[in-house]
There are 2 protein chains.
Amino acid sequence: MKTRVDAVTAWESLFRAQVAVMRTIAAEFPSRDISLNEYDVLFNLTRQPGRELRPRDLNRHILLAQPSLSRLIDRLAGRGYVEKLPDPTDARGTIIRLTNAGFALFRRVAVEHMGSITARVGSRLDDDELAELAALCDKLRGDA
Amino acid sequence: MKTRVDAVTAWESLFRAQVAVMRTIAAEFPSRDISLNEYDVLFNLTRQPGRELRPRDLNRHILLAQPSLSRLIDRLAGRGYVEKLPDPTDARGTIIRLTNAGFALFRRVAVEHMGSITARVGSRLDDDELAELAALCDKLRGDA
DNA sequence: CCATTCTCAATGCAAACGTATCGAAATGGC
DNA sequence: GCCATTTCGATACGTTTGCATTGAGAATGG
């Protein structure tokens with residue numbers, strides 16, 4: 001069956017490309033104040049209205065086990081980059097909100113980080129290819 | 001500048017797709033004898049003539065720091081899945097060779113693992129899209 | 001030919017991770 | 001309303017990871 005092989009091949013290519021790009025980007029990642037996973041949490045918070053999200057929802061976007069994310073959030077909170085608020089609609093839950101300090105840190109890091117991405121990704125593919133790649137990956141993710 | 005934004009967007013899409021697919025695949029990953037990273041090492045060894053490779057070369061394909069890979073290999077060797085041989089052409093180097101037991105384990109795990117990939121990846125994209133995605137990712141990786 | 005520099009793999013150590021588990025609160029059936 | 005089940009986030013504990021460094025051998029160049 002042809003599709004079986006193609007699916008595995010496509011995943012293999014995507015995975016290796018991710019490894020190759022991630023290696024460059026991680027090596028160039030700025031700031032000793034924050035790790036890539038921590039940055040990713042800040043990034044996801046900036047994309048939400050009010051810059052806040054419950055851990056459970058954050059966890060859907062981030063490749064970390066729930067306890068790991070829980071501790072990562074505690075570390076960010078300890079440094080003042082996020083704050084933990086009680087969820088009025090669910091007494092079990094917590095709301096993680098990006099602080100001004102966290103947003104400032106994000107913006108400072110994001111500029112340089114996006115420069116790395118642009119240099120590494122933008123140099124290999126042209127605009128049409130980038131758009132095509134994004135469309136295929138969005139379809140593959142299937143959150144649409 | 002349009003390309004800057006597109007490159008970042010494309011990387012974001014690729015990265016999130018990787019997270020989404022990896023989460024499914026990792027959850028379904030078979031066998032408690034081996035982790036995904038360990039499987040990846042075995043996989044890369046099977047792709048080489050003689051099923052052997054030096055740690056340095058393995059490291060290019062795998063997203064792990066050199067000391068982490070070094071210890072991962074030791075663990076695999078301790079369980080008999082790979083063997084460490086002296087490199088006749090470089091007395092510093094070691095050659096990591098997949099054992100028969102390692103190859104048998106790989107094949108046993110690979111069948112089920114590729115089933116997960118096919119189910120998750122193959123169900124969202126058709127054959128043409130899979131081929132297109134693979135081509136773009138290969139170009140992005142740029143090992144060519 | 002020797003000194004300097006570089007590369008390969010291993011080790012010490014602290015930080016971060018995953019699995020298993022827990023308490024508390026929400027949900028769903030009866 | 002009540003008990004069983006599920007969900008949310010936190011904690012315990014062993015494992016894995018990365019950074020810094022080391023030692024040994026290869027390459028360079030004067």
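Computed from a predicted structure; not experimentally measured. Convention: sequence-line order gives letters A, B, ...; per-chain numbering from 1.
- At the heavy-atom level, B:L64 lies under 4.0 Å from the strands shown only through sugar-phosphate atoms.
- In summary, the aromatic rings of B:F106 and B:Y81 are positioned with their centroids too far apart to meet the 6.0 Å limit.
- When atom types are taken as modelled, the side chain of A:N59 and the backbone of A:L64 share a donor-acceptor pair closer than 3.5 angstrom.
- Taking atom CG of A:D74 as the reference point, atom P of D:dT11 lies 7 Å away to the nearest angstrom.
- Using a 4.0 Å heavy-atom cutoff across all strands shown, A:L69 reaches no nucleic acid atom at all.
- Put simply, the side chain of B:N44 gets close to the backbone of B:D40: a donor and an acceptor are under 3.5 Å apart.
- Across all strands shown, B:T94 has heavy atoms under 4.0 Å from sugar-phosphate atoms exclusively, and none from any base.
- Salt-bridge annotation for A:R79 and A:D74: absent, with no side-chain N of the basic residue lying under 4.0 Å from a carboxylate O of the acidic one.
- Backbone-only contact: A:P55 has heavy atoms under 4.0 Å from sugar-phosphate atoms and none from a base.
- Judged purely by atom type and a 3.5 angstrom limit, A:R124 has no side-chain atom pairing as donor or acceptor with the backbone of B:D138.
- Within residues 32-45 of chain B, the residues approached by DNA chain D to less than 4.0 Å at the level of any non-hydrogen atom are B:N37, in residue-number order.
- Taking a cutoff of 4.0 Å between a charged side-chain nitrogen and a carboxylate oxygen, A:D87 and A:R56 do not qualify as a salt bridge.
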- [ ] Run the numbers on B:V41 and B:I96 for side-chain contact (heavy atoms from CB on, under 4.5 Å), then give the verdict.
- [x] CA-CA 10 Å; B:V41 167; B:I96 309 303; 5.6 Å; no
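- Between the P atom of D:dC8 and the CG atom of A:D57 lies a distance of 8 Å, rounded to the nearest Å.
- With salt bridges taken as basic N to acidic carboxylate O contacts below 4.0 Å, none links A:K139 and B:D126.
- Looking at heavy-atom distances under 4.0 Å, B:D87 makes no contact with the nucleic acid at all.
- In this structure, A:E28 CD and A:R23 CZ are separated by 13.0 Å, a value rounded to the nearest 0.5 Å.
- Counting all heavy atoms, side chain and backbone alike, A:G80 lies closest to A:T99 at O-OG1, 2.7 Å.
- Atom CG in A:L58 sits roughly 14 Å away from atom C1' in D:dC8 (whole-Å rounding).
- Nearest approach of B:R54 to B:I95, heavy atoms of both residues: CG-CG1, 4.2 Å.
- Contact annotation: A:S70 reaches the phosphate of D:dA10 (side-chain N/O to OP1 or OP2, under 4.0 Å).
- Judged by atom type and distance alone, B:R71 reaches the base of D:dG18 through a side-chain donor-acceptor pair under 3.5 Å.
- Nucleotides of DNA chain C with any atom under 4.0 Å from a heavy atom of chain A span, from 5' to 3', C:dA16 to C:dA26.
- Of the two residues near DNA chain C, A:T89 and A:L72, the one whose nearest nucleotide lies more 5' is A:L72.
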Show me the protein contacts with nucleotides 5-7 of chain D, counting only N or O atoms at under 3.5 Å.
unit_1	atom_1	unit_2	atom_2	d
D:dT7	O2	A:R92	NH1	2.5

